[in-house]
Protein chains: 2
Amino acid sequence: MKKTTILDIARELDISFSTVSRALNDHKAISEPTKKAVKEMAERMGYQPNKIASSLRSGKSKTIGVLVPRLDVTFFSSVVHGIEAVMNENGYSILLYQSQEHFDREKKGIETFLNSQVEGIIASISLETDKSDAFAAVIKRNMPLAFFDRILPDLEVPSVTIDDYRGGFIATEHLIKKGRKKIVHINQYRNVNIFNERLRGYLDALKHYGLPIDEDLIIKGDFSLDFGRQCICDLVSKKIDFDAVFTLEDFTAMGVVQQLKEYSIKIPDDVSVVGFANEDFTSLVTPSISTVDQNSMGMGREVAHLFLKLLKKGDYYKHTPEKFVFEPTLLVRESSI
Amino acid sequence: MKKTTILDIARELDISFSTVSRALNDHKAISEPTKKAVKEMAERMGYQPNKIASSLRSGKSKTIGVLVPRLDVTFFSSVVHGIEAVMNENGYSILLYQSQEHFDREKKGIETFLNSQVEGIIASISLETDKSDAFAAVIKRNMPLAFFDRILPDLEVPSVTIDDYRGGFIATEHLIKKGRKKIVHINQYRNVNIFNERLRGYLDALKHYGLPIDEDLIIKGDFSLDFGRQCICDLVSKKIDFDAVFTLEDFTAMGVVQQLKEYSIKIPDDVSVVGFANEDFTSLVTPSISTVDQNSMGMGREVAHLFLKLLKKGDYYKHTPEKFVFEPTLLVRESSI
DNA sequence: ATGAAAGCGCTAACAT
DNA sequence: ATGTTAGCGCTTTCAT
């Protein structure tokens with residue numbers, strides 16, 4: 001069964017195919033009766049417009065690329081959920097690509113997007129990314145680009161993030177105000193902006209409240225539940241004294257909690273724990289884990305809205321880019337009450 | 001800055017643009033020196049192939065549509081994660097669409113996919129969907145279609161699912177073997193195949209082990225943590241006697257556990273609990289919750305592979321469709337040990 | 001209000 | 001091994 005095109009409809013109604021095209025697109029110069037006739041015929045013949053052909057001719061694909069490190073992480077899938085919902089309401093389709101945290105796959109994704117003639121790209125960079133050339137190419141093409149969460153700070157690009165510095169600060173401040181003096185911070189070994197900021201917030205909170213900075217209490221590694229457990233084992237075996245742990249993200253905090261329980265160290269009496277990200281499980285486990293909420297739902301919707309504004313503006317890189325920064329929210333739960 | 005096309009490259013090298021096209025696509029009839037020259041020039045001029053134009057001409061978009069109810073549910077985002085990874089390895093891009101559990105948005109998504117000339121669709125249907133016409137249109141177009149998890153059983157379409165009947169059966173059987181006699185089952189009120197199957201598994205297990213079926217113990221509603229709590233409140237206030245709860249999914253089970261704890265009903269001594277889906281938190285909470293694992297990672301990769309096979313085959317609806325059924329795995333944890 | 005004609009950038013059948 | 005030509009299905013300018 002051959003597909004119906006506007007030409008078929010035109011022949012059937014004995015009018016020109018440009019009239020059909022106009023009628024279908026509600027062009028103002030087309031009379032109502034003609035429009036009605038065309039639309040009915042299109043319906044009857046099971047016409048499906050060919051978006052590819054229309055994109056080629058008009059130069060507008062009504063598609064944007066969304067590039068995320070990975071989708072099997074609650075935070076990213078929530079954000080993509082939000083982006084898709086908003087962009088879809090506004091008539092855009094989403095091309096999805098995962099970098100799997102690899103720099104070269106990220107590059108490949110951008111290339112695919114460019115080849116696919118997307119009208120813009122929303123991205124959160126991989127852990128490996130420290131150069132900005134791949135994204136610079138997007139800018140050079142004058143294609144709109146927006147970052148969320150994991151950004152490249154040296155690129156003049158609109159972005160939606162949370163104030164990670166503040167997140168680190170308030171988490172640490174909270175622990176200090178609970179009387180904690182030896183606060184361990186578990187961070188990441190890679191040079192990733194948002195993680196550095198959380199560390200900076202931790203350090204500044206200590207300084208601000210006149211607590212000493214102890215290098216023994218700052219641990220870097222690859223975050224995971226097991227790494228959290230490992231850290232506690234190491235601290236205990238090295239006989240390093242501590243009364244609180246602030247982790248980079250929640251899975252590590254979970255590992256910390258599990259290992260503390262195993263050692264019969266009381267939470268929060270002996271050691272308080274605060275995580276980061278507000279993963280589902282943090283409110284459900286025992287003890288429930290204090291954490292910093294990143295408003296992942298809001299972030300997806302916000303970056304999509306910011307992006308739509310950008311698309312309308314036209315000259316994307318003439319003005320200083322809009323940087324939307326969410327305030328992080330500290331959720332105090334049983335692990336640090 | 002105007003974009004570079006094969007015509008520009010051709011002009012620059014003083015050859016025809018079809019030679020350029022062939023060289024770029026590694027056509028066998030093109031000499032090595034020419035290929036080299038063309039590729040170098042393309043690189044130098046910053047050439048980006050226009051996938052849209054190529055798709056229009058060749059009829060192959062190298063894109064498939066992935067339609068899921070929603071991405072803010074771990075199960076679906078894991079599966080999409082798997083699908084994207086595999087399809088990407090095979091040179092396909094993913095157009096993403098969420099039905100948000102609504103039938104009409106699902107229809108709109110399918111239409112968008114058809115307009116976008118995707119080469120096929122992988123889908124899991126919305127809770128509202130009980131008619132198959134929207135998907136039947138895809139089949140009529142002879143476009144490959146595959147379902148995962150939530151399928152339309154009356155459609156002759158390849159699919160990847162778990163054996164939900166068996167999942168319901170083994171969960172119930174496990175409780176029976178632990179000596180439980182009054183097993184509550186919390187299900188859903190909508191007519192969704194996989195949920196019906198889990199119920200059937202529950203019923204058959206009771207029958208098989210000679211236990212009576214008590215309508216009071218079968219509850220239907222909209223699953224959620226709060227609904228789980230509600231169910232326990234209702235059972236207690238109605239003074240209905242029970243010694244185990246098997247829920248349709250894990251959030252409901254979590255609610256059940258929370259409410260039981262609030263009533264100081266001992267888990268698993270007084271009441272055992274088994275959920276379904278193996279959400280992250282089930283292994284982390286106290287007591288950890290027994291659940292049925294659906295192998296969501298495997299499901300994504302498997303449906304992608306099945307789909308690739310389908311694409312190669314050509315005549316998609318001539319043979320009886322391949323139905324891949326994963327065995328569910330019961331994970332026994334503290335809530336029912 | 002409608003029609004005629006050009007062309008978006010590419011692939012592929014048909015030449016040579 | 002390379003060039004010529006047609007055309008995928010649509011939008012859009014220019015004409016009437």
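A note on names: the letters A, B, ... follow the listed sequences, proteins ahead of strands, and every chain is numbered from 1. Since the model is a prediction, treat every value here as computed from it, not as a measurement.
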| query | Phosphate oxygens OP1/OP2 of D:dT2: is one of them under 4.0 Å from a side-chain N or O of B:T34? | reply | yes
| request: Tell me what B:I52 touches on the nucleic acid: a base, only sugar-phosphate, or nothing, going by heavy atoms under 4.0 Å. | output: nothing
| Do A:E101 and A:R150 sit within salt-bridge range, that is, some charged N less than 4.0 Å from a carboxylate O? | yes
| query | Between B:I6 (CD1) and D:dT4 (P), how many Å, whole number? | reply | 14 Å
| At under 4.0 Å between heavy atoms, what does B:L7 touch on the DNA or RNA strands: base, sugar-phosphate, or nothing? | nothing
| said: Between the base of D:dT12 and the side chain of A:S21, is there a donor and acceptor pair under 3.5 angstrom? | reply: no
| query | With a 4.0 Å cut-off on heavy atoms, is A:S18 in touch with a base, just the backbone sugar-phosphate, or nothing at all? | reply | base
| Along DNA chain C (nearest heavy atom to each residue), the more 5'-positioned of A:F17 and A:K28 | A:K28
| task | Answer yes or no: is there an ion pair linking A:D133 with A:K131, defined by an N-O contact shorter than 4.0 Å? | result | no
| field | Nucleotide interval of DNA chain C bounded by contacts with chain B (heavy-atom cut-off, under 4.0 Å) | value | C:dG9 to C:dC14
| task | May I ask you to verify if any side-chain N or O of B:T19 is less than 4.0 angstrom from the OP1 or OP2 atom of D:dG3? | result | yes
| task | May I have the distance from B:L13 (atom CG) to D:dG3 (atom C1'), rounded to whole angstrom? | result | 15 Å
| field | Short side-chain N/O contact to D:dC10 OP1/OP2 from A:Y47, under 4.0 Å | value | yes
| task | With heavy atoms under 4.0 Å as the rule, sort B:S31 into base, sugar-phosphate or nothing. | result | sugar-phosphate
| message | What is the distance, to the nearest angstrom, from the CG atom on B:N50 to the C1' atom on D:dC8? | response | 13 Å
| Between D:dA1 atom P and B:K36 atom NZ, what is the distance in whole Å? | 18 Å
| task | Please name all residues satisfying side-chain hydrogen bond (donor to acceptor under 3.5 Å, both in side chains) with A:K309, sequence neighbours left out, ordered by chain then number. | result | A:E322
| task | Please determine if B:D8 and B:R11 form a salt bridge, counting it only when a charged side-chain N lies under 4.0 Å from a carboxylate O. | result | yes
| message | Rounding to an integer number of Å, can you tell me how far A:R22 CZ sits from D:dT11 P? | response | 11 Å
| How close or far is atom C1' of D:dG3 from atom NE2 of B:H27, stated in whole angstroms? | 13 Å
| message | Check this for me: does any side-chain nitrogen of one of B:K36 and B:E40 sit under 4.0 Å from a carboxylate oxygen of the other? | response | yes
| request: Please figure out whether B:R57 or A:P49 has its closest DNA chain D nucleotide nearer the 5' end. | output: B:R57
| message | Using 0.5 Å steps for rounding, measure from the CG atom of B:L155 to the OG atom of B:S132. | response | 5.0 Å
| Any donor-acceptor N or O pair under 3.5 Å, side chains A:T129, A:E106 | yes
| message | What is the distance, to the nearest angstrom, from the NZ atom on A:K3 to the C1' atom on D:dC10? | response | 14 Å
| query | What do the steps show when you test B:L308 against B:V86 for side chain to side chain contact (heavy atoms under 4.5 Å, CB included), and what is the final call? | reply | CA-CA 9 Å; B:L308 285 166; B:V86 172; 4.0 Å; yes
| task | Rounded to the nearest angstrom, tell me the gap between atom CG in A:D26 and atom P in D:dT11. | result | 12 Å
